[in-house]
J.: 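Here's a structure for you.
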Amino acid sequence: MLCPTLPPNQRQVNAGKGAAKRMTEHATLSTAQLQKLATLSRLSFTPEALKAFGTEFQNILNFVTKIQSAPTANVAPLTSMLALTQPEMASHTPERPDVVTEPNQREALQASAPSTEMGFFVVPKIVE
Amino acid sequence: MTQDLLTLTATQALTGLQTKQFSSVELTQACLTRLEARTHLNTAITVDATHALTMAKIADDKRAKGEQAPLLGLPLGIKDLFCTQGLRTTAASQFLNNFVPAYESTVTRKLWDSGAVCVAKLNMDEFAMGGSGENSAFGATHNPWAAGYVPGGSSSGSAAAVADYQVFAATGSDTGGSIRQPAAFTGLVGIKPTYGRCSRWGMVAFASSLDQAGLFARTTADAALLLETIAGHDPMDSTSANLPVPQWSSNLSTESNVKGLKIGLPKQYFIAGLDPQVAAQVQGMAKQLAAAGAEIIDVDLPHTEYAVAAYYVFAPAEAASNLARYDGLRFGVRVPGATLAETYANSRSHGFGPEVQRRIMIGNYVLSSGYYDAYYTQAMRVRQLVAADFTAAFQQVDVILAPTAPSLPFKLGEKAADPVALYLEDAFTIPVSAAGLPALSVPTGTVTNAAGVLLPVGAQLIAPHWQEQRLFQVAHAWEQLRGPFTPPFQA
C-alpha cells in the first residue's frame, strides 16, 4: 500500500480509552441533542425549524456513515496537506519573522464594525 | 462593435490594447454596459463603475507612457470571497452584507499589480458552500446557456459572467469542485491549481486544507496566462509553496502535443448515475486523443466511492471552525440578545443561510467529544486512501481524464430540497481536492438534454502535484483537435 500507515505503537488507539463511539450507536439524534448542538454552535432555531433541520441532518449523517466501511485498518489519518504537496516542509511549517509589517489601521478595521465608541468595539455587558 | 470587443479572448484583448486598437476604458465600459443589460442572470453582487473606469484610465495612462504589465488594462471579474480593499466583500452572505475589507487578498493584489481592471465582485454560493449557486443571500445566478438552469457552483457568478461575455476572465475558488463544475456547466476552461500554488491570504475561508484559488477563462491559453499572474509564494500563507512559477502560457505552443502521453481513464468515474451523454462525450475525447498519439490506459482509483462521504465530514469540520469567528462583535451583522451567548446566536442565525448553518452543525457534531474519532479521524484516514489511489495511478500515467460532473446543468430548484443529492454532484471533483491535486475542466462539446435544451459538457484533466503544465498541454492540444468552442453570445 502506498499510503502511510501508523507506527505499531499507535495502532488501534481508537480501541483504547473507550472514547470513540461507533456511529451505529447513535444512528438517530434526539431533539434535545440537536438543541444542545445548536447551542454549542451558537445558532438559534425555532422548534419547527429544528425539527425540519433534524431530518436533513439525519440524512446527511446516514450518508457519511459510509466511511465506516472503508478499509482503513492501520492507515494513518491525513493530518497535513503539506505531507502530500510539500513533504520537505511537513515537519516544520514555515514561520514569518516576528516583526511589525502593518501600520495602525484602527479606523479602517472598525469601519465595518457593528458598534464602536471612541476607537473601541462596543460589546454586550458580560459582568454583572 | 461592442460584441466584437466582448467576444475577444483575454489574450486577444491584451493584443488589441497593446496595438492600440482600443483602450482599456472602452473595453471596461463595454463590460459595464453588458453587465447592466444582463442583470437578470444575477452574476454580480457589487459593481463599482467609477472604480472600474478609474482603474482602466490608469492602465491606459500607463500604456501611453510606454509602461508594460502582463494584464495591463484587462477587465476581470472577482469571486466575492477575495477581499478587495475599500470594495465590499460579502462571500454572498447576509452576515457580510456591509463588510468593506481594510486589506487586499494576495491573488487580487497580484492581478492589480499586473495591470488588470476590477469590473465586478461576482455572485457565489454563500461562503462557497454549494454546487448550484442557489445558496446566495443575493439570489441565484442563472446559466447564460439557458435561463432557469443553474450555472453550477460555488463560483456561480464567475462562471456565468465569463460565459456571458461580461468579463474576459474571472477568479474563482475551489474547495470540492467549485471552479471545475461551474466551468463544465457553462462551457469554460476552469483551472484549480495544486493546493499551495496560490496564496489563500485574504480569501474568506471555508475549509482551509482544501481551499485554493483558480480561474475561469474561455480558452486554455487565457487560463495559463492568468494563472502565471496569481500563482507564487506568499509569506502570508504558510501553505503557499516556495516554488518557481512556470511560464505556462509561453510553453503552450511548443509543448501542446499528446504523442506518447499516457492518459488514464479511471473506471470508478464511469459508473451508474453518470449521465450517458456526459460519458459519451468524455469517451469520445479519449478516442480523439488516442488518434492523436496518446496512450489511453485504464486506471484504478478504488477508494473513490468513499470520498464524498469523507469530504462531508472533514470539510464541514473545518468550516465550523473557520466560521466560529463570525460573532457579530468586530465586523458583520449584530442582532442583540439578552446575553452575550444570545447575541452570538441571534447574529449568526440571522446572518447565515440554511446550508451554512447545516454545515456548521455537522462540523461541530463530527468534532464533538466522543464522536471525533468515529467521524473526523476516520474521514481523514479515508482521505489518506483517496490520495494514495492517485499516487499509485500516477505511477502508470501522466494525466487522468474523467468527467467533471456526473450530470448536465440542471434546473434551478431541482436539487434544492435534497442536500445529499446536491453533494453527489461533486463526486468526481472532491477526490482530487482531497488529494490537493491540480485539475482543469475543458469543454468537450454540447449535447441536448431531455427537454431539448442545448448545454455544454466538460471533461476534467487531473495531474500530479505541481504539474499544471501537463493540464494546459493536454487541454490546449484538445482544443486544436476539438475545434473552436465558445458559449453562444446572447444579444
Side-chain angles (χ1 to χ4, degrees), chain A residues 1-4 13-14 19-23 26 29 34 37-45 53 56-57 59-61 63-72 75-82 84-86 89 93-96 102 105 108-115 121 123-126, chain B residues 98-100 102 194-196 209 235 238-239 241 303 306 309-310 312-313 320 327-334 336 339-341 343-346 348-349 352 357-358 360-362 364-365 368 370-371 373-375 377-385 387-388 391-392 419-420 423 435-436 465:
Chain A
M1 188 178 283
L2 280 159
C3 60
V13 66
N14 292 351
K21 298 174 188 175
R22 292 195 58 87
M23 295 177 197
H26 50 86
L29 257 91
L34 274 173
L37 190 60
T39 304
L40 292 172
S41 299
R42 298 289 183 251
L43 293 169
S44 65
F45 293 91
F53 179 79
E56 289 172 350
F57 191 87
N59 289 342
I60 296 168
L61 277 190
F63 171 67
V64 303
T65 298
K66 185 179 178 64
I67 61 173
Q68 197 70 352
S69 60
T72 55
V75 175
L78 179 66
T79 51
S80 164
M81 285 304 283
L82 291 177
L84 287 180
T85 57
Q86 302 172 73
M89 309 293 267
T93 307
E95 294 171 354
R96 276 179 285 129
E102 305 297 318
Q105 304 176 73
L109 290 166
Q110 290 192 330
S112 292
S115 180
F121 293 99
V123 298
K125 187 177 176 182
I126 55 165
Chain B
N98 294 315
F99 178 62
V100 180
T194 310
Y195 180 81
S209 78
S238 63
T239 63
H303 301 99
Y306 303 107
Y312 278 97
V313 172
D327 57 10
L329 299 189
R330 292 149 300 146
F331 58 89
V333 297
R334 182 188 300 181
T339 63
L340 179 67
T343 301
Y344 290 151
N346 290 353
R348 289 161 64 81
S349 284
F352 294 148
Q357 297 193 37
R358 205 176 281 138
I360 290 172
M361 291 277 278
I362 293 282
N364 283 330
Y365 181 76
S368 62
Y371 301 133
D373 279 326
Y375 285 103
T377 307
Q378 176 64 6
M380 295 308 258
R381 291 180 208 278
V382 172
R383 189 169 179 179
Q384 187 84 265
L385 288 172
T391 306
V420 174
Y423 295 172
H465 297 120

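What's counted below: heavy atoms across the whole structure, side chains too, no hydrogens, waters or symmetry copies. In what follows, every chain begins at residue 1, and chains take the letters A, B, ... in the order their sequences are listed.
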J.: Taking C-beta and beyond as the side chain, do Gln378(B) and Pro77(A) meet within less than 4.5 Å on heavy atoms?
T.: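 Gln378(B) vs Pro77(A): side chains apart.
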J.: Side chains of Phe53(A) and Arg358(B): does their closest heavy-atom pair fall under 4.5 Å?
T.: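 In short, these two side chains touch, coming nearer than 4.5 Å.
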J.: Count the heavy-atom pairs under 4.5 Å between each of Pro419(B), Pro336(B), Ala379(B), Gly332(B) and chain A, then report the option with the highest count.
T.: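 Highest number of heavy-atom pairs under 4.5 Å: Gly332(B).
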J.: Less than 4.5 Å to any heavy atom of chain A: does that hold for the side chain of Ser238(B), its backbone, both, or neither?
T.: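 It is both, since atoms from each part get that close.
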J.: Pair Tyr344(B), Leu43(A) - check side chain to side chain contact (heavy atoms under 4.5 Å, CB included), show working.
T.: CA-CA 8 Å; Tyr344(B) 290 151; Leu43(A) 293 169; over 6 Å; no
J.: If I measure from the heavy atoms of chain B, does Ile60(A) come under 4.5 Å with its side chain, its backbone, both, or neither?
T.: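 Interface part for Ile60(A): both.
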J.: Provide the closest heavy-atom pair for Ala108(A) versus Ala102(B) in the form atom of the first, atom of the second, distance.
T.: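 So the minimum-distance heavy-atom pair works out to CB-CB, 3.8 Å.
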J.: If we only count heavy atoms from C-beta on, is the Val333(B) to Pro114(A) side-chain gap below 4.5 Å?
T.: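 Heavy-atom side-chain distance check fails, nothing below 4.5 Å.
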J.: Identify, with sequence neighbours excluded, every residue that meets ring pair (Phe, Tyr, Trp, His ring centres under 6.0 Å) alongside Tyr423(B).
T.: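 For Tyr423(B), the residues satisfying ring pair (Phe, Tyr, Trp, His ring centres under 6.0 Å) (neighbours in sequence not counted) are Tyr312(B).
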J.: For the residue pair Ser115(A) and Arg334(B), what are the closest heavy atoms and their distance?
T.: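 Of all heavy-atom pairs spanning Ser115(A) and Arg334(B), the closest is CB-NH1, 3.9 Å.
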J.: Select, from Met380(B), His465(B), Met361(B), the one with the greatest count of heavy-atom pairs under 4.5 Å involving chain A.
T.: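 Looking at each option in turn, the highest pair count goes to Met361(B).
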J.: Between Gly436(B), Gly328(B), Pro235(B), which residue shows the highest count of heavy-atom pairs closer than 4.5 Å to chain A?
T.: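 Ranked by contacts with chain A, first place is Pro235(B).
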J.: Quick check for you: among Leu340(B), Thr343(B), Ile362(B), which has the greatest number of heavy-atom pairs under 4.5 Å with chain A?
T.: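 Top count of heavy-atom pairs under 4.5 Å with chain A: Ile362(B).
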J.: For each of Ala241(B), Gly196(B), Ala387(B), tally heavy-atom pairs with chain A at distances under 4.5 Å, and name the one with the top tally.
T.: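 Highest number of pairs under 4.5 Å: Ala241(B).
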J.: Does the side chain to side chain contact (heavy atoms under 4.5 Å, CB included) test come out yes or no for Leu40(A) and Asn364(B), once each step is laid out?
T.: CA-CA 8 Å; Leu40(A) 292 172; Asn364(B) 283 330; 5.9 Å; no
J.: State, to 0.1 Å, how close Val75(A) and Arg381(B) come at their nearest heavy-atom pair, and which atoms those are.
T.: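 That closest heavy-atom pairing would be O-NH1, 2.8 Å.
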J.: If you compare all heavy atoms of Leu82(A) against all heavy atoms of Thr239(B), which two are closest, and at what distance to 0.1 Å?
T.: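 Reported closest heavy-atom pair: CD2-CA, 4.3 Å.
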J.: Would you please test Phe331(B) and Leu109(A) for side chain to side chain contact (heavy atoms under 4.5 Å, CB included) and show each step?
T.: CA-CA 8 Å; Phe331(B) 58 89; Leu109(A) 290 166; over 6 Å; no
J.: Val100(B) versus chain A, heavy atoms under 4.5 Å apart: side chain, backbone, both or neither?
T.: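 Val100(B) touches chain A through backbone and side-chain heavy atoms alike.
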J.: Is there side-chain contact between Leu61(A) and Tyr365(B), with at least one heavy-atom pair below 4.5 Å?
T.: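 A side-chain contact under 4.5 Å exists here.
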J.: What pair of heavy atoms forms the shortest contact from Ile67(A) to Ala310(B), and how long is it?
T.: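 That closest heavy-atom pairing would be CG2-N, 3.4 Å.
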J.: Which region of Ala320(B), side chain (C-beta onward) or backbone (N, CA, C, O), has a non-hydrogen atom less than 4.5 Å from a non-hydrogen atom of chain A, or is it both or neither?
T.: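 No part of it gets close to chain A.
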J.: At a heavy-atom separation under 4.5 Å, does Ala111(A) approach chain B through its side chain, its backbone, both, or neither?
T.: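 Contact with chain B is absent: no heavy atom of Ala111(A) under 4.5 Å.
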J.: Determine whether Ser69(A) and Tyr306(B) satisfy the following criterion, side chain to side chain contact (heavy atoms under 4.5 Å, CB included), listing intermediate values before the conclusion.
T.: CA-CA 9 Å; Ser69(A) 60; Tyr306(B) 303 107; 3.6 Å; yes
J.: Testing the basics here: between Arg348(B) and Ser41(A), what is the closest heavy-atom pair and its distance to 0.1 Å?
T.: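 Heavy-atom minimum between the residues: NH2-O, 3.1 Å.
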J.: Apply side chain to side chain contact (heavy atoms under 4.5 Å, CB included) to Gln110(A) and list each qualifying residue two or more places apart in sequence or on a separate chain.
T.: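 Only Arg106(A), Thr116(A), Phe121(A) meet the side chain to side chain contact (heavy atoms under 4.5 Å, CB included) criterion with Gln110(A).
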J.: Is chain A contacted by the side chain of Asn98(B), its backbone, both, or neither, given a heavy-atom distance below 4.5 Å?
T.: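 Asn98(B) touches chain A through backbone heavy atoms alone.
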